[in-house]
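Working notes, structure below.
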There are 2 protein chains.
Amino acid sequence: MRKQAAEQLSEYLSGQGLKSTRQRDDVLNAFVSAGRHLSAEELYLLVKKSNPGIGYATVYRTLKLLAEAGLADERRFEDGFTRYEYNASDGHHDHLICTRCGKIIEFENERIEQLQQDVARKNRFKVQSHKLELYGLCSDCQGQRK
Amino acid sequence: MRKQAAEQLSEYLSGQGLKSTRQRDDVLNAFVSAGRHLSAEELYLLVKKSNPGIGYATVYRTLKLLAEAGLADERRFEDGFTRYEYNASDGHHDHLICTRCGKIIEFENERIEQLQQDVARKNRFKVQSHKLELYGLCSDCQGQRK
DNA sequence: TTGATATTGAAATCCGTTTTCAATATGACC
DNA sequence: GGTCATATTGAAAACGGATTTCAATATCAA
């Protein structure tokens, strides 16, 4: 059974001798309720709604913290900047990314994962993590012109 | 039958109304003979050997040009900066990347590609390109301590 | 050879991210 | 509650890879 996000964070904080703050709570709340694949910038704008005084740097720092605490996953797609995804601990998944509208669709495919392991084994390679991204046009964008 | 790199570049240049220059030749030569997965910085240092006056910006610009001409592929791994790979036009491949020593092993797996197409089809998604990277430890690095 | 224009190198700039630093907040201890 | 060491904050500066600017230079069609 998965812990509540707030609880998971405070356990991590106290375990590391770190402190709870209003800002960290605000960032976590915005992050959890916003959904997935947020850039730091996007999250910053969201957090500002509940806490207009929040600083840019604090959002960046807290995002790193959430990643360390296991609450967020850092991902870099081809658009250049880092995005964060909530709660990847309930199983790995990969992404379909629309190059026109930016929509991100998640998927899982056990068979592909197995084949990856086969490839790794043949190369005597021990996999720690992997990344599979399919770039293209989502159904909404296929009919559209540029 | 694949064209020579130099020929392919000059065809692209004249086709676009661009000019041949000593610098472009030097960058191309260094790029082709150096092997794969070079960062702009690495290539810059290489080109300097044959043309010490070469500028940083020229290497960046030429690398972009080679990518447009179809001679190079741009790739971003997790280490932050862009690398270029020669001659990907003879078939797609993916990468095993050692997180300890940085070694990059290429592989192809037709079955995985098929399964990716299946996933895309199910999501009514039209794939333009994809990226599959397995991060982990190569055989040389598995026995080593940090 | 000429002349329009593409290209170059150096330096400035860009932009996402990280770090610095002085002011402030937190929380363990009394 | 009060004290105090120290973690945290926001603003601004710094960072680092990549790109752009600009005046000087090279290219190439005529």
Side-chain angles (χ1 to χ4, degrees), chain A residues 6 9-28 30-31 37-69 72-84 102, chain B residues 6 9-28 30-31 37-69 72-84 102:
Chain A
L9 176 59
S10 66
E11 278 180 20
Y12 177 78
L13 291 175
S14 61
Q16 300 289 314
L18 304 175
K19 295 173 179 173
S20 298
T21 66
R22 154 106 194 275
Q23 289 87 338
R24 285 176 177 163
D25 291 345
D26 289 343
V27 171
L28 179 61
F31 181 60
H37 304 116
L38 288 165
S39 65
E41 160 93 33
E42 290 168 330
L43 186 53
Y44 170 68
L45 293 174
L46 277 175
V47 177
K48 269 204 140 174
K49 292 181 184 170
S50 66
N51 181 349
I54 193 84
Y56 227 87
T58 300
V59 175
Y60 273 98
R61 284 187 285 230
T62 305
L63 239 15
K64 289 248 169 242
L65 191 70
L66 295 181
E68 284 160 25
D73 258 19
E74 236 178 13
R75 297 194 163 270
R76 287 185 196 169
F77 299 122
E78 290 290 307
D79 65 358
F81 42 125
T82 306
R83 289 165 183 283
Y84 290 83
Chain B
L9 176 60
S10 66
E11 278 180 20
Y12 177 79
L13 290 175
S14 60
Q16 300 289 313
L18 304 175
K19 295 173 178 171
S20 297
T21 65
R22 154 106 196 274
Q23 288 87 339
R24 283 175 179 163
D25 291 345
D26 289 344
V27 171
L28 179 60
F31 181 58
H37 304 115
L38 287 166
S39 64
E41 160 93 33
E42 290 167 330
L43 187 53
Y44 170 68
L45 293 175
L46 276 175
V47 178
K48 271 204 139 175
K49 292 182 185 170
S50 64
N51 181 348
I54 193 86
Y56 226 88
T58 301
V59 175
Y60 272 97
R61 285 187 284 229
T62 305
L63 240 13
K64 289 246 169 247
L65 192 70
L66 295 181
E68 283 160 24
D73 260 20
E74 235 178 15
R75 298 197 160 269
R76 286 184 199 171
F77 299 123
E78 291 289 310
D79 65 359
F81 43 126
T82 306
R83 289 164 184 282
Y84 291 83

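Only this structure's heavy atoms are used, side chains among them; waters, hydrogens and symmetry mates stay out. Throughout, protein chains are lettered first and strands after them, A, B, ... in sequence-line order, and every chain is numbered starting at 1.
With sequence neighbours excluded, the residues satisfying side-chain contact (heavy atoms from CB on, under 4.5 Å) with A:A57 are A:R61. In this structure, the ring-ring contact (aromatic ring centres under 6.0 Å, His included) partners of A:Y60, at least two apart in sequence or on a different chain, are A:Y56. Residues forming a side-chain contact (heavy atoms from CB on, under 4.5 Å) with B:S10 (at least two apart in sequence, or on another chain): none. The salt bridge (charged side-chain N to carboxylate O under 4.0 Å, His left out) check on B:E41 picks up nothing, with sequence neighbours excluded. The side-chain contact (heavy atoms from CB on, under 4.5 Å) check on A:K19 picks up nothing, with sequence neighbours excluded. With sequence neighbours left out, A:E78 forms a side-chain hydrogen bond (donor to acceptor under 3.5 Å, both in side chains) with B:K131. In this structure, B:D25 has no salt bridge (charged side-chain N to carboxylate O under 4.0 Å, His left out) partners at least two apart in sequence or on a different chain. Taking the salt bridge (charged side-chain N to carboxylate O under 4.0 Å, His left out) definition, one finds that B:R83 meets it with B:E42, B:D79, sequence neighbours left out. Looking at residues two or more places apart in sequence or on another chain, you find no salt bridge (charged side-chain N to carboxylate O under 4.0 Å, His left out) involving A:R76.
A rotation axis mapping the C1' atoms of four pairs onto the next four is fitted at both ends of the helix from C:dT1-D:dA30 to C:dC30-D:dG1 over five pairs, and the angle between these axes is 30° to 10 degrees.
The CZ atom of B:F81 sits 12 Å away from the C1' atom of D:dA18 (whole-angstrom rounding). Protein atom CZ of A:R75 is 20 Å distant from nucleotide atom C1' of C:dG16, rounded to whole Å. As a whole-Å value, the separation of B:Y12 OH from C:dA6 C1' is 14 Å. Atom pair A:D79:CG and C:dG16:P shows a separation of 10 Å (rounding to whole Å applied). Rounded to a whole Å, the CZ atom of A:R24 is 6 Å from the C1' atom of D:dT8. Whole-Å rounding puts the A:F77 CZ to C:dG16 P distance at 17 Å. If you take CG of B:D26 and C1' of C:dT7, they are 14 Å apart, rounded to a whole angstrom. Between A:L9 atom CG and D:dT8 atom P the separation is 11 Å, expressed in whole Å.
Near DNA chain C, meaning a heavy atom under 4.0 Å from it, residues 52-60 of chain B has B:G53, B:I54, B:G55, B:A57, B:T58 in order of number.
Between the side chain of A:R61 and the base of D:dG10, at least one donor-acceptor pair of N or O atoms lies under 3.5 Å.
When every heavy atom of B:I54 is checked against every heavy atom of B:Y44, the shortest pair comes out as O-CE1, 3.5 Å.
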Nucleic acid footprint by protein, nucleotides 23-30 of chain D - heavy-atom cut-off 4.0 Å, B for base, S for sugar-phosphate alone = ----BS--
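Checking each of A:R24, A:R22, A:Q23 against A:D26 for a side chain to side chain donor-acceptor pair (under 3.5 Å) leaves exactly one that passes, namely A:R22.
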